Amino acid sequence: MPYREGKLWRGSVMVGGVRSTAMFDTKGAARRWEDRERSRLKSSSRNKTATDLLTLCNKYCDYVEPRLTPKTFWEKKTLCRAVLAEWGNIPVDSISPEMVSDFISKQAQTHTNNIANRQRKNLLAMWNWGHKLLSIVNNPLVNIDPLPHTTKVQYTPPQKDVLQVLAATTREERIFLNCYLQTGARKMEIFSLTWEDVNFEAGTIVLKTRKTRGGVVRRDVLPMSRELREDLKWWWENRPVKDPVWVFVYNNPDSPWHGKPFSHRQKFMKGLCKRAGVKAFGFHALRRYVASILADKEKVSSKVIQRLLRHQSIATTDRYIQRINSDLQATVDLLKTTPESPCKITCKKDGKSGEK
């Protein structure tokens, strides 16, 4: 049904989850266009060559692989295998909202609502891509809402635990951790750090991330603290493996990855925490720790922390900041239920006077 926008009329048609709109001078022209457009979309949907699910999955994976981090790509590839196992290689247009809803419900029963919602989000992204590049009209996820779920509070270590871990490190391990603590970097940003990214004269460091729309690599130039600058200078002069361009590499001569950059260090933080005798935490917890310590102890604004962490949304930064609410201490102290000098009330008890 056409509706007015200012002095014009907007025609709007949705077929198979795909919406088309256009502007017209009169309501009648907009209604006639809606009739023609609805017929065209339905005809296109009937006459187009059907795309099967396997083709959609393969082409989508080929498209996103160079644009996403390995972890995110693995997640999407795993989802494709799951839906192929559930539905088989059927035409994409034959997949109904009910089938998708049943699949998401099974994922929630097998795993959690959070995982099921992530699967829904990835499916929706694949169908939207298929609509743009493969002209897939039907979108069975349009009216499927996320499942209710609880947001898990991610652990942020207290300052004393971080200091204990630093005290338990070797010089090399401490420099590696300082790269995170002095920049708030993501795990892979330090793994992929090269000596070209470190400018000792300018006192800057370049962090590269693919956490962007479309997976385009973004380069962010940050100032180095004096401590980090001195640490990296020492590491440049004393690093055991001189040839690699990466700052941190495997340096075990017997390892097949000798001289190559880290792709993961799953046992590194767990081992350090065990050595220090504190609750285990990972690399990403250090990023949350940086945000929290700056906000709570140093009173740095969320906007400045957002620039340091390089979040595109301030809402993301706010989720990282886990304040201990020390600024509310004076306020909650006002909520006393016991007077400073309790009144002593004399009463009779067993025929004797006493204090109540």
Side-chain angles (χ1 to χ4, degrees), residues 65-75 77-78 157 161-211 215 217-290:
E65 183 174 11
R67 293 172 169 81
L68 302 176
T69 62
K71 180 181 178 181
T72 305
F73 172 68
W74 175 86
E75 186 178 283
K77 190 175 181 179
T78 301
D161 284 11
V162 175
L163 294 178
Q164 280 185 235
V165 167
L166 288 172
T169 58
T170 64
R171 181 71 183 271
E172 176 184 345
E173 292 169 340
R174 187 184 183 94
I175 293 172
F176 181 70
L177 285 189
N178 263 345
C179 284
Y180 290 99
L181 291 170
Q182 304 277 329
T183 64
R186 300 176 178 90
K187 179 178 71 173
M188 294 306 298
E189 290 173 340
I190 300 302
F191 283 8
S192 62
L193 188 67
T194 68
W195 288 112
E196 289 185 356
D197 299 325
V198 180
N199 189 327
F200 290 117
E201 293 183 2
T204 59
I205 186 171
V206 177
L207 299 179
K208 302 181 290 289
T209 181
R210 296 175 72 177
K211 298 276 286 187
V217 176
R218 190 183 75 222
R219 294 166 55 87
D220 296 308
V221 182
L222 296 178
M224 285 192 290
S225 67
R226 182 179 301 176
E227 181 182 349
L228 181 59
R229 192 173 179 178
E230 291 175 356
D231 276 348
L232 289 177
K233 272 189 176 181
W234 182 91
W235 181 239
W236 166 259
E237 295 167 357
N238 296 276
R239 66 195 191 283
V241 187
K242 304 291 186 183
D243 296 333
V245 298
W246 298 281
V247 177
F248 300 105
V249 297
Y250 292 98
N251 58 21
N252 182 357
D254 299 327
S255 171
W257 299 286
H258 177 67
K260 296 180 180 179
F262 296 111
S263 58
H264 62 276
R265 299 190 78 176
Q266 295 177 344
K267 298 180 180 180
F268 178 76
M269 287 303 301
K270 186 176 181 180
L272 281 183
C273 291
K274 184 177 181 180
R275 192 190 308 169
V278 301
K279 180 179 177 179
F281 56 87
F283 290 109
H284 208 66
L286 293 176
R287 186 166 162 85
R288 293 192 298 273
Y289 168 79
V290 168

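It should be emphasised that the depicted structure is a prediction, and the values quoted were computed from it without experimental measurement. Numbering starts at 1 and runs along the sequence shown.
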Identify every side-chain donor-acceptor pair in residues 240-248 under 3.5 Å, counting partners at least two apart or on other chains, and give the distances.
{"from": "K242", "atom 1": "NZ", "to": "E237", "atom 2": "O", "distance (Å)": "3.1"}
{"from": "K242", "atom 1": "NZ", "to": "R239", "atom 2": "O", "distance (Å)": "3.1"}

Interatomic distance, NZ@K270 vs CZ@R275, rounded to 0.5 Å, equals 14.5 Å
Taking all non-hydrogen atoms of both residues into account, name the closest pair between C273 and K279 and its distance.
SG-O, 3.9 Å
Test side-chain hydrogen bond (donor to acceptor under 3.5 Å, both in side chains) applied to T170 - qualifying residues, sequence neighbours left out:
E173
Please collect all salt bridge (Lys or Arg N to Asp or Glu O under 4.0 Å) contacts where either partner lies in residues 181-194, sequence neighbours excluded, each pair once.
R186-E189, E189-R310
Separation between CG of D231 and SG of C179, rounded to the nearest 0.5 Å
7.5 Å
Looking at every non-hydrogen atom in both residues, tell me the closest pair between P157 and F281 and how far apart they are.
CB-CD2, 3.6 Å
At their closest point, which heavy atom of R174 faces which heavy atom of L166, and how far apart are they?
NH1-O, 3.3 Å
Can you confirm whether L207 sits close enough to D197 that some side-chain heavy atom of one is under 4.5 Å from a side-chain heavy atom of the other?
no
Heavy atoms, side chains only, cut-off 4.5 Å: are F283 and I190 in contact?
no
Is K208 atom NZ crowded by more than 12 heavy atoms from other residues, nucleotides or ligands, each under 6.0 Å away?
yes
For residues T78 and E75, determine if any side-chain heavy atom of one lies less than 4.5 Å from a side-chain heavy atom of the other.
no
Partners passing side-chain hydrogen bond (donor to acceptor under 3.5 Å, both in side chains) against N251 (at least two apart in sequence or in another chain):
E172
Name the atoms and distances for all side-chain donor-acceptor pairs under 3.5 Å in residues 221-229, with sequence neighbours left out.
{"from": "S225", "atom 1": "OG", "to": "Q182", "atom 2": "OE1", "distance (Å)": "2.5"}
{"from": "S225", "atom 1": "OG", "to": "L228", "atom 2": "N", "distance (Å)": "3.1"}
{"from": "E227", "atom 1": "OE1", "to": "Q182", "atom 2": "NE2", "distance (Å)": "3.3"}
{"from": "E227", "atom 1": "OE2", "to": "N178", "atom 2": "ND2", "distance (Å)": "3.1"}
{"from": "R229", "atom 1": "NE", "to": "F200", "atom 2": "O", "distance (Å)": "2.9"}
{"from": "R229", "atom 1": "NH2", "to": "F200", "atom 2": "O", "distance (Å)": "2.4"}
{"from": "R229", "atom 1": "NH2", "to": "E201", "atom 2": "O", "distance (Å)": "3.4"}

Per the salt bridge (Lys or Arg N to Asp or Glu O under 4.0 Å) rule, what does the pair list look like for residues 256-268, sequence neighbours excluded?
none
Angle between ring planes, F191 versus F176, binned at 30° and 60°: parallel, tilted or perpendicular?
parallel
Nearest 0.5 Å please: distance from the CH2 atom of W236 over to the CD1 atom of I175.
14.0 Å
